[in-house]
Amino acid sequence: MQDLEYALRAMVRRGTRTAYGTRAAREDVLMQAARALHEMGFRKMKPESLKPKHVEALVSRWQEQGLSAGTMKNRMAHLRWWAGAINKAPVVARENAFYGIGNRRFVTGEDKGRQLSAERLGQIRDQHIRLSLRLQEAFGLRREEALKFSPAYADRGDHIRLKDSWCKGGRAREIPIRTPAQRALLDEARRLAGRGSLIPDNKSYIQHLRTYERATVRAGLDKNHGLRHAYAQRRYAEIAGWPCPAAGGPPRQVLTPEQRECDREARQQVSRELGHERIAVVAVYCG
């Protein structure tokens with residue numbers, strides 16, 4: 001490992017208030033960037049050495065590899081974090097268009113919603129993991145949020161509150177408790193976890209994450225982001241009054257002005273509950 005890789009890894013790991021998933025993704029991208037810079041002849045670099053020429057070289061290399069616009073935008077976000085961490089934000093242009101990076105394609109037309117199979121769920125022996133999976137389905141939680149979930153903290157009676165340290169990008173949020181099934185699930189989680197979280201007392205988060213990964217792969221439940229898609233589609237239908245396009249509902253073009261307003265309100269609410277800042281991202285889930 002080169003000195004630049006060591007230094008960047010240390011920088012990323014100092015950001016303890018950033019969600020683990022974000023830190024892991026950032027570390028992976030910056031390690032790739034450091035190795036690529038070394039291979040392109042930029043030797044003996046330190047984090048503070050970052051210059052526009054380095055950014056442009058990386059962008060050119062990634063574009064030659066045919067990476068999607070979405071992947072490119074994610075990588076640029078991590079490069080901007082690097083530049084900001086060394087107080088050299090202007091090194092990376094503010095607009096991706098400066099580098100010829102196109103718009104992300106949000107709508108694919110594919111329904112990625114997924115339901116938990118009782119048979120597959122029964123193959124998960126660890127009761128903490130089973131409850132985390134059910135929370136992912138019931139509240140549209142990300143994996144890290146469901147694993148770190150502490151019912152004693154989160155359960156506020158008529159809604160759950162997620163800590164910033166559990167959430168992607170450190171953005172805390174609230175999700176309404178709407179159904180008796182959600183209430184029963186939270187009561188079950190509280191009985192299991194007590195004052196703690198759904199990570200067993202004898203494990204760290206990383207250890208429990210690895211257990212979760214192994215158990216879900218064995219049970220055929222490893223593509224669980226689809227549970228968030230299904231949650232978003234259910235909530236859209238509840239709020240708008242009809243299914244979203246991804247679930248067979250009408251496209252926006254055929255809606256009346258009044259229906260378009262309902263569509264917009266439904267997407268805004270779904271966006272808040274999923275923890276996204278931009279309503280456009282809801283198209284990934286709802287079409």
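Computed from a predicted structure; not experimentally measured.
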ask   = Are side-chain heavy atoms of Leu209 and Arg143 found at a separation under 4.5 Å?
value = yes
Flag, side chain of Arg43 to backbone of His38, donor-acceptor distance under 3.5 Å = yes
Where Glu144 and Gly21 come nearest, the two heavy atoms and their spacing = OE1-N, 2.7 Å
message = Keeping Gln233 on the side-chain end and Tyr285 on the backbone end, is there a donor-acceptor pair under 3.5 Å?
response = yes
Spacing of Glu145 atom CD and Ile175 atom CD1 [to the nearest 0.5 Å] = 7.0 Å
task = Report yes if some heavy atom in the side chain of Leu67 is under 4.5 Å from a heavy atom in the side chain of Arg75; otherwise report no.
result = yes
message = With heavy-atom distances below 4.5 Å as the criterion, would you say the side chains of Leu221 and Gln123 are in contact?
response = no
key: Beyond-backbone contact of Tyr231 with Val270, side-chain heavy atoms, under 4.5 angstrom   = no
message = With clusters defined by side-chain heavy atoms of hydrophobic residues (ILVMFWY) lying less than 4.5 Å apart, directly or transitively, does Val92 cluster with Ile101?
response = yes
message = I need the Arg142 CZ to Lys148 NZ distance, nearest 0.5 Å.
response = 12.5 Å
ask   = How far apart are the C-alpha atoms of Met11 and Ile86, what are their side-chain angles, what is the distance that settles it, and do they pass the side chain to side chain contact (heavy atoms under 4.5 Å, CB included) test?
value = CA-CA 10 Å; Met11 284 171 53; Ile86 60 172; 4.2 Å; yes
request  = Spell out, as yes or no, whether a donor-acceptor pair under 3.5 Å connects the side chain of Ser271 to the backbone of His276.
outcome  = yes
inquiry  = Please determine whether residues Met72 and Met40 belong to a single hydrophobic cluster, defined as Ile, Leu, Val, Met, Phe, Trp and Tyr linked transitively by side-chain heavy-atom distances below 4.5 Å.
reply    = yes
inquiry  = Can a side-chain donor-acceptor contact be found between Gln32 and Asp28 if the only test is distance below 3.5 angstrom?
reply    = yes
inquiry  = Would the distance check show the side chain of His54 and the main-chain N or O of Lys51 forming a donor-acceptor pair, the cut-off being under 3.5 Å?
reply    = yes
task = Mind running salt bridge (Lys or Arg N to Asp or Glu O under 4.0 Å) on Arg183 and Asp187 for me, showing each step along the way?
result = CA-CA 6 Å; Arg183 166 47 51 203; Asp187 291 343; 3.1 Å; yes
ask   = Do the side chain of Ser197 and the main chain of Ala193 share a donor and acceptor less than 3.5 angstrom apart?
value = no
query = Roughly how far, to the nearest 0.5 Å, is CZ of Arg252 from SG of Cys286?
reply = 13.0 Å
inquiry  = Nearest 0.5 Å, please: how far is CG in Asn224 from OG1 in Thr216?
reply    = 6.0 Å
key: Evaluation steps, side chain to side chain contact (heavy atoms under 4.5 Å, CB included), between Leu135 and Leu198   = CA-CA 11 Å; Leu135 285 167; Leu198 290 179; 3.5 Å; yes
message = Looking only at the aromatic ring of each residue, does the gap between the centers of Tyr153 and Trp166 stay below 6.0 angstrom?
response = yes
query = If you round to the nearest 0.5 Å, how far is CZ of Arg195 from CZ of Arg190?
reply = 7.0 Å
request  = Examine Leu192 and Leu141 and state if one hydrophobic cluster contains both, with Ile, Leu, Val, Met, Phe, Trp and Tyr joined whenever side-chain heavy atoms are less than 4.5 Å apart.
outcome  = yes
inquiry  = With clusters defined by side-chain heavy atoms of hydrophobic residues (ILVMFWY) lying less than 4.5 Å apart, directly or transitively, does Val55 cluster with Phe98?
reply    = yes
inquiry  = Applying the salt bridge (charged side-chain N to carboxylate O under 4.0 Å, His left out) criterion to Glu273, which one of Arg178, Arg234, Arg235, Arg228 satisfies it?
reply    = Arg235
query = Are Arg173 and Arg272 side-chain neighbours, meaning at least one heavy-atom pair lies under 4.5 Å?
reply = no
ask   = Under the 3.5 angstrom rule, does the side chain of Tyr99 hit a backbone N or O of Ala93 as a donor-acceptor pair?
value = yes
key: Joint hydrophobic cluster, Trp81 plus Leu8, side-chain heavy atoms closer than 4.5 Å   = yes
query = Trp242 versus Cys262: any side-chain heavy-atom pair under 4.5 Å?
reply = yes
Glu174 side chain near Arg156 side chain, heavy-atom distance below 4.5 Å = no
query = Do Leu186 and Phe139 come close enough that some side-chain heavy atom pair is under 4.5 Å?
reply = yes
remark   = Residue pairs meeting salt bridge (charged side-chain N to carboxylate O under 4.0 Å, His left out), one or both in residues 113-141, sequence neighbours left out, come to Arg134-Glu188
ask   = At what distance, to the nearest 0.5 angstrom, does CZ of Arg23 lie from CZ of Arg9?
value = 13.0 Å
